[in-house]
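So the structure is just underneath, and the comments pick up after that.
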Amino acid sequence: MESLLSRRDRLTLEDGTQLRLLSALEVLEAKREGEELAQSEGERALCTNACLLARALEEEGKPLFPSGRAVLEHLSAREVAQLARLWDELDRAENPSPEDGEEEARVLKKAWSIRLMSAFAGVCSRHLGPFPRRSGPKR
């Protein structure tokens, strides 16, 4: 599946570290960790963003922080907010929502369909090679 992802799934920051897109499960885990870390409703967004960054911030393919708590210990609230905003922009670029507009969704949908068709074409043709076509032009 890694080969099907675009190379826009990472954003390199000025210091050489990278923000990477997360799987749906990783996002859910970050939210759960953030809820456990937060002591009040007002802390929830900061804690959740810190937990998300603990999973998304990498250096040479390895996590920069072991947990959301470590992010909170090493970064300011402003830095957490800025990095979380950058991650959100990266995520929206690859995974637009209906709120982003129909045109943006259409462009990405077309790009993904072309990527998936070309990726699966080689796999499918290799496995279907021994079976003759029932219709269509013969090769």
Given the rule in the side chain to side chain contact (heavy atoms under 4.5 Å, CB included) test, do Phe65 and Leu75 qualify, once you have shown the distances and angles that lead to the verdict? CA-CA 11 Å; Phe65 299 100; Leu75 300 179; 4.2 Å; yes

Would you be so kind as to tabulate the donor-acceptor pairs closer than 3.5 Å made by side chains of residues 44-54, with sequence neighbours excluded?
from	atom 1	to	atom 2	distance (Å)
Arg44	NH1	Glu41	OE1	3.2
Thr48	OG1	Arg44	O	2.9
Asn49	ND2	Ala45	O	3.4

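Checked by atom type and distance alone, the side chain of Glu33 pairs as donor or acceptor with a backbone atom of Gly68 at under 3.5 Å. Glu79 contributes a side-chain N or O that, together with a main-chain N or O of Ser76, makes up a donor-acceptor pair within less than 3.5 Å.
Grouping the Ile, Leu, Val, Met, Phe, Trp and Tyr side chains by contacts below 4.5 angstrom, directly or via other members, places Leu21 apart from Leu28.
Residue Glu60 qualifies as open at atom CD: its count of foreign heavy atoms under 6.0 Å is 12 or below.
Side-chain contact check for Leu22 versus Trp87: some heavy-atom pair is nearer than 4.5 Å.
A donor atom on one side chain and an acceptor atom on the other are not found under 3.5 Å apart for Glu59 and Thr17.
Separating the CG atom in Asp91 from the CG atom in Leu86 is a distance of 12.5 Å, to the nearest 0.5 Å. Taken to the nearest 0.5 Å, the CG atom of Leu90 stands 10.5 Å off from the CD atom of Gln18. In this structure, CG on Leu19 lies 6.0 Å from CG on Leu83, to the nearest 0.5 angstrom. Distance check: Ser23 OG to Arg55 CZ gives 9.5 Å after rounding to the nearest 0.5 Å. Here Arg78 contributes atom CZ and Gln82 contributes atom CD; the two are 6.5 Å apart, rounded to the nearest 0.5 Å.
Ion pairing between Glu26 and Lys31 fails under the 4.0 Å rule for side-chain N and carboxylate O. A salt bridge links Arg20 to Glu58: at least one charged side-chain nitrogen sits closer than 4.0 Å to a carboxylate oxygen.
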